[in-house]
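Contents: one structure, followed by commentary.
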Amino acid sequence: MNNLYSNVVHFRPSERQQKLRRWKSYFVKLALGCATILVVTPLFLVLYFLAKEGASSLTVDFFTQLPKPSGEIGGGMANAIVGSITLLALASSIGIPLGILGGVYLAEYGNETVNYWIRLCADILNGVPSIVWGMVVYAILVIPFKAFSAYAGGLALGLIMIPLIMRTTEEVILLVPQSYREAGLALGIARWKIISSIVLRTALKGIVTGVLVAIARVSGETAPLIFTAFGNSFWNHSLAQPIAALPLQIYTYAISPYEDLHHQAWAGALVLMLLILGINIIVRFISRNKSTT
Amino acid sequence: MTSIDNLKKRIIIGTQVIKPTVSVIPAFEIRNLKLWYSQNQALHDVSFDIAANQVTAIIGPSGCGKSTFLRSLNRLHETIAGSRMEGSIKLFGDDLYLKSIDAAYVRRRVGMVFQKSNPFPTMSIAENVLVGLRLNGVNDQKFLKQRLEESLRLSALWDEVKDFLDRPGVSLSGGQQQRLCIARALAVQPEVLLMDEPCSALDPIATMKIEELIQTLRTKVSIVIVTHNMQQASRCSNKTAFFYLGRLIEYSETRTIFTNPLNPQTEAYVSGRFG
């Protein structure tokens, strides 16, 4: 052991070698900078294009008016905005509690074999095209009740959220150090209270982020809504009836032959993006206040 | 400065400082304790009594079963999958391993402080101290306030934190965090306090504060401390148990263990020849 370092040759790099190093370092930095720009540029281009195209058609009417009958100019997407929010609320009321409970089960309870199969299922379901969810809900809710409905749309989106939230919740709960659980156990606190009051509170930020990602993901989903929520040109008065949604409305308008409707679709896309941004900002603000006290 | 002088004094006087007190009912009666992790037997037939209102040190080389033994005293080893125990442990005469006894109940009577301080990061100093009471259903604000001050005074932290009890527990220094963990353990008024190498991550001054604290606390709770530091064992314990390869090799008055051990293995370990 003693002569481990005895044959190390100490040398001072020559002026030329040092220069070479500096150049190498400079080139690597440059390459990384270019890569960053390459990645970020399309992102900003999309945002810029969306803002430019959408902003010009974003009028007060857009937020207050119903869609005009086809052929007429003007109108808005008030019903679709409210519809999207309704659908997200329905989906969240299904997806968030079930997803979080599932994640807690995976991280804290269950046994190896059961967890393996649950994880496998969740991962497969996360990769399933969203239209499949729509078909499933169509079969289990729309056909038996013989009606497209907000409930069906909400269920389809909620089901998509469950495996997403479940896996992220599991991951962030596993990041909470074991020592906190042991400290709680050593105080004679019941296990479910340790999980609900200590572990979940410690992991709150991560869980909130996971939930946000899931909401953002489903808020843009169109395919599962086509034959569940179906869309609606008027106000929805009952959750058991078809309901309008922004992505559906954007889809319908974007494939229509009218220039005016194209503009409205752009505006809808912009509003959808702002909606997601809004949810992000609000929930982040709340979770920051909660976790620092 | 006074505490540094105390440390010097204590090092000079060594084990002589502590006069063992004799108590009739032992805090723990451990009989034929055997413990396995899956196929690995971690403890072999350990039997001895741990006296009440004394400090008992557990020493031994790494992997000798010290921590496992400590965890068996509050049934914390049960959280590890595949662990299994035989034998009996009685706490002041009550069998801890009866089927009818809930582990949480045992842990309320036997508090624990860990090697690495672990205050809950989302909670303030006050919340950290009171979490054991609150989550066990205590809501009486007056009582909680009283326990908060008592526990922090007991752990010699009150004067340092009384003006900012709302700050996060993790904003304190390492030594303060460890004393906060002691306060948290004391708040539920345990009869015994287990300490698993409580000072191994602390600097000498913080270590000394904890050792002083142990001396004041032992009049109120029985303390079992696992330590790698033999000076620490000799400074602050009344009795010492030496573990080696999952067996209790020798258990005696601390002074005897360090000056005149019966077993040659103990002598070799305390004189630094192995371990």
Side-chain angles (χ1 to χ4, degrees), chain A residues 100 104-116 118-119 169-211 283-293, chain B residues 67 70-71 73-81 102-124 126-138 166-171 177 180-181 183-190 192-196:
Chain A
I100 290 177
V104 169
Y105 179 84
L106 279 181
E108 297 283 344
Y109 298 93
N111 63 51
E112 294 283 317
T113 336
V114 176
N115 282 4
Y116 172 81
I118 297 178
R119 281 192 197 108
T169 303
E170 184 203 355
E171 272 160 35
V172 293
I173 286 180
L174 287 176
L175 285 180
V176 176
Q178 195 59 28
S179 64
Y180 297 144
R181 293 182 186 85
E182 284 191 339
L185 286 172
L187 289 169
I189 302 169
R191 186 141 171 242
W192 68 271
K193 277 190 187 168
I194 294 174
I195 292 167
S196 58
S197 306
I198 295 168
V199 175
L200 283 182
R201 216 169 131 184
T202 311
L204 184 68
K205 261 190 182 168
I207 295 172
V208 166
T209 310
V211 166
V283 184
R284 257 167 218 281
F285 189 72
I286 293 168
S287 74
R288 190 177 57 191
N289 281 356
K290 271 224 175 102
S291 57
T292 48
T293 47
Chain B
S67 290
L70 200 69
R71 279 156 181 263
L73 296 180
N74 69 346
R75 292 178 58 175
L76 203 59
H77 71 276
E78 289 175 357
T79 57
I80 296 161
D102 185 24
Y105 167 75
V106 172
R107 293 171 192 147
R108 253 169 271 162
R109 293 181 63 183
V110 185
M112 187 161 182
V113 177
F114 296 84
Q115 180 169 7
K116 211 170 156 284
S117 61
N118 50 5
F120 298 125
T122 53
M123 298 184 192
S124 68
E127 281 175 313
N128 259 296
V129 175
L130 296 176
V131 65
L133 291 169
R134 283 223 176 101
L135 293 186
N136 278 319
V138 179
D166 291 332
R167 285 202 200 158
V170 284
S171 66
Q177 284 191 27
L180 178 63
C181 292
R184 182 175 65 184
L186 292 173
V188 291
Q189 292 175 296
V192 185
L193 189 61
L194 310 177
M195 303 179 116
D196 191 355

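So you know, we letter chains A, B, ... as the sequences are listed, proteins then strands, and number each from 1.
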Which atoms of [X] approach chain A - backbone, side chain, both or neither, heavy atom under 4.5 Å:
{"X": "B:Pro190", "result": "neither"}
{"X": "B:Asn118", "result": "both"}
{"X": "B:Tyr105", "result": "neither"}

Notebook entry, point to check: Which is it for B:Glu127 and B:Thr122 under the side chain to side chain contact (heavy atoms under 4.5 Å, CB included) test, yes or no, and what are the steps along the way?
Noted result: CA-CA 9 Å; B:Glu127 281 175 313; B:Thr122 53; over 6 Å; no

In residues 131-138 of chain B, what donor-acceptor pairs under 3.5 Å come from side-chain atoms, sequence neighbours left out?
residue: B:Asn136; atom: ND2; partner: B:Gly132; partner atom: O; Å: 2.8

Notebook entry, point to check: Most heavy-atom pairs under 4.5 angstrom with chain A, which of B:Arg71, B:Arg107, B:Arg75?
Noted result: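 That would be B:Arg107.
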
Margin query: Between B:Asn74, B:Val110, B:Leu76, who has the most heavy-atom pairs with chain A when the cutoff is under 4.5 Å?
Written below: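 Option with the top pair count is B:Leu76.
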
Check: Just by distance, do the side chain of B:Arg184 and the backbone of B:Asn128 share a donor-acceptor pair under 3.5 Å?
Finding: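 No: the side chain of B:Arg184 does not pair with the backbone of B:Asn128.
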
Check: What part of A:Gln178 lies closer than 4.5 angstrom to a heavy atom of chain B: side chain, backbone, both or neither?
Finding: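 Interface part for A:Gln178: neither.
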
Next item on the list: Please name all residues satisfying salt bridge (Lys or Arg N to Asp or Glu O under 4.0 Å) with A:Arg191, sequence neighbours left out, ordered by chain then number.
Entry: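 Not a single residue meets the salt bridge (Lys or Arg N to Asp or Glu O under 4.0 Å) criterion with A:Arg191.
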
Check: How many angstroms lie between OG1 in A:Thr209 and NZ in A:Lys205, if you round to the nearest 0.5 Å?
Finding: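 One finds 8.5 Å between OG1 of A:Thr209 and NZ of A:Lys205.
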
